[in-house]
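Counting from 1, the numbers follow the sequence of the chain as shown. Order of listing sets the numbers, starting from 1, for every ligand and every atom in it.
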Amino acid sequence: MNLARQIEQYLPQQLLELVQDISRQAAKLGQRVYLVGGVVRDLLLGDPSLRSGPRFDLDLVVEGDAVKLAQQVAETSQAKLLAHHRFGTAKLRYGDFTLDLATARRETYAKPGALPAVTPGTLKDDLIRRDFSINTMAISLASNDYGELVDPYQGKGDLEHRLIRILHPKSFSDDATRILRAVRYEQRFGFEFETQTAQLLKRDIPMLDTISGDRIRHELELILEEEQPELAIRRLGELGVLPRISPVLQGDGWIAEKFDKARRLKKPTQLPSLYFCLVIYSFSEKKIEQFLTRLNMSAKLSRAIRDTLRLKTRLPLLDTSPLKPSEIYYLLREYEPVAIQANAIASDEKEGTSSLIAQRHLQLFLTKLRYVRTALDGEELKRLGISAGPEMGKVLQILHKAKLDGGVRTRADEEKLALSLSLKLER
Ligand code: ATP
């Protein structure tokens, strides 16, 4: 099967030119280059937009020396060599596009969960080390068979039968992150597990214990970047994968409803963090520490997650009306915005955790109060004759409070208040 037409149709022109340039340079070096991985799968599915968005990252495998090839391409084109490594991989950047070039390699696993030992190999070696048959296809970029599909492990057949299939029985035990990856693809494409794959996946769930927190977290992050991550989360719950990662993790319908709400509210950049804060919403504060340690969570996200639970216990304080805007501000300013957002979404009247009043207060803080700034700053107060120091701090604080509560509106109002305050404070 030849996919030259699909490549030309789907790859952005600029990227296509670079790919063809790489192929020419490779020929000069006597090397062969292939397009591999997700992009081949998505080209065959007829929808590479599945992987586009603003980025269009391509994976290339080189039978030869990927670093040498990347260096040569960077010298003779406008592509920039971002990084290269001793173990035969290189990254090229060209406009908005990133290309990962890897020397074809063979992998062997010394023990389950460990990172594999790597030696140079052929394209076929490189493809067999991959996770599922649908990800083992390659497209030749060499001039004599440009566009030809290389499919030694029947990926195309599985794609047509809508199956997720591992390549050998030890696949999940060698690397149990593939359990999470399997579910991610199953839910993204609406595919099914091939029979033996399903059995082995269930059998090898305990092997997740052999995987480091960083690697589990990375796969969970990939899931949370999916369009509808709740599908995979629910499925991981059904399969018993979530409790294996952390005893209290669940993937019930509650999550689906809240994720959906989050998507409609939030700017996409913060979404994965917000999802994490929602996933843990039913945790106790004690359990959360085990979870954060298990996933080796970053300091920033750990803070957001802890804040989510801390704020949850304080929601009754926000459930009184009337509260002045400044009171709401002082109650909430110490929390990460994403934790506040999580509470606004997760708190549910029925569960008695919060009421509409508290939710309204949370929203008011998020949409308005946290952005309120005084027109005057320290420099301008100095010009009004107020000297730097505790006195100025106090004036700024009172101005801010007045601005929050509507006591001052204009710059002139602020100047008037600042001067009268400074007179009072001097006395
Ligand atoms: P998508 O982004 O759509 O998931 P992709 O191919 O870009 O597809 P990546 O996570 O970037 O996915 O991985 C690149 C390729 O590396 C995959 O196609 C897969 O074959 C391989 N791969 C990634 N993780 C593993 C793993 N744990 N075991 C084996 N192969 C893997």
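Within the cation-pi definition used here (under 6.0 Å to the ring centroid, within 45° of the axis), K80 does not qualify as a partner of Y94.
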| So F132 and R181, side-chain contact (heavy atoms from CB on, under 4.5 Å) or not? Walk me through it. | CA-CA 9 Å; F132 311 111; R181 297 179 63 84; 3.8 Å; yes

From CA spacing to verdict: side-chain contact (heavy atoms from CB on, under 4.5 Å), V40, D151: CA-CA 10 Å; V40 180; D151 181 20; over 6 Å; no

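With ligand atoms numbered from 1 in the order given, ligand 1 contributes 1 (P), 4 (O), 8 (O), 12 (O) to contacts under 4.0 Å with heavy atoms of Y185. Numbered from 1 in the order shown, with element, the atoms of ligand 1 that lie under 4.0 Å from a heavy atom of G38 read 6 (O), 8 (O), 18 (O). Distances below 4.0 Å separate heavy atoms of D175 from the following atoms of ligand 1: 26 (C), 27 (N), 28 (N). Near R41, meaning under 4.0 Å from any of its heavy atoms, are these atoms of ligand 1: 1 (P), 3 (O), 8 (O). Near T177, meaning under 4.0 Å from one of its heavy atoms, ligand 1 places the atoms 27 (N). Against a heavy-atom cut-off of under 4.0 Å, R184 is close to the following atoms of ligand 1: 4 (O).
Of all heavy-atom pairs spanning E336 and D307, the tightest one is N-OD2, 2.8 Å.
If you run salt bridge (Lys or Arg N to Asp or Glu O under 4.0 Å) between R32 and each of D65, D126, D145, only D145 comes through.
Side-chain atoms of T177 and D175 form a donor-acceptor pair, as typed in the model, at a separation below 3.5 Å.
Of the N or O atoms in R181, one or more lie within a sub-3.5 Å distance of an N or O in ligand 1. Below 3.5 Å of separation, one finds no N or O of G37 facing any N or O of ligand 1. For ligand 1, none of its N or O atoms has an N or O atom of E219 under 3.5 Å away.
Listed by first then second residue, pairs satisfying ring-ring contact (aromatic ring centres under 6.0 Å, His included) with a partner in residues 57-82 number zero, not counting sequence neighbours.
With R215, E226, R188, H218 as candidates, the residue nearest to atom 2 (O) of ligand 1 on a non-hydrogen basis is R188. In this comparison of D131, L167, L222, the heavy atom closest to atom 29 (C) of ligand 1 sits on D131.
Applying the salt bridge (charged side-chain N to carboxylate O under 4.0 Å, His left out) criterion to K91, with sequence neighbours excluded, gives D100.
Residues H161 and F191 place their aromatic rings such that the two centres sit no closer than 6.0 Å.
In R178, the part holding a heavy atom less than 4.0 Å from any atom of ligand 1 is the side chain.
Not a single heavy atom of F132 lies less than 4.0 angstrom from ligand 1.
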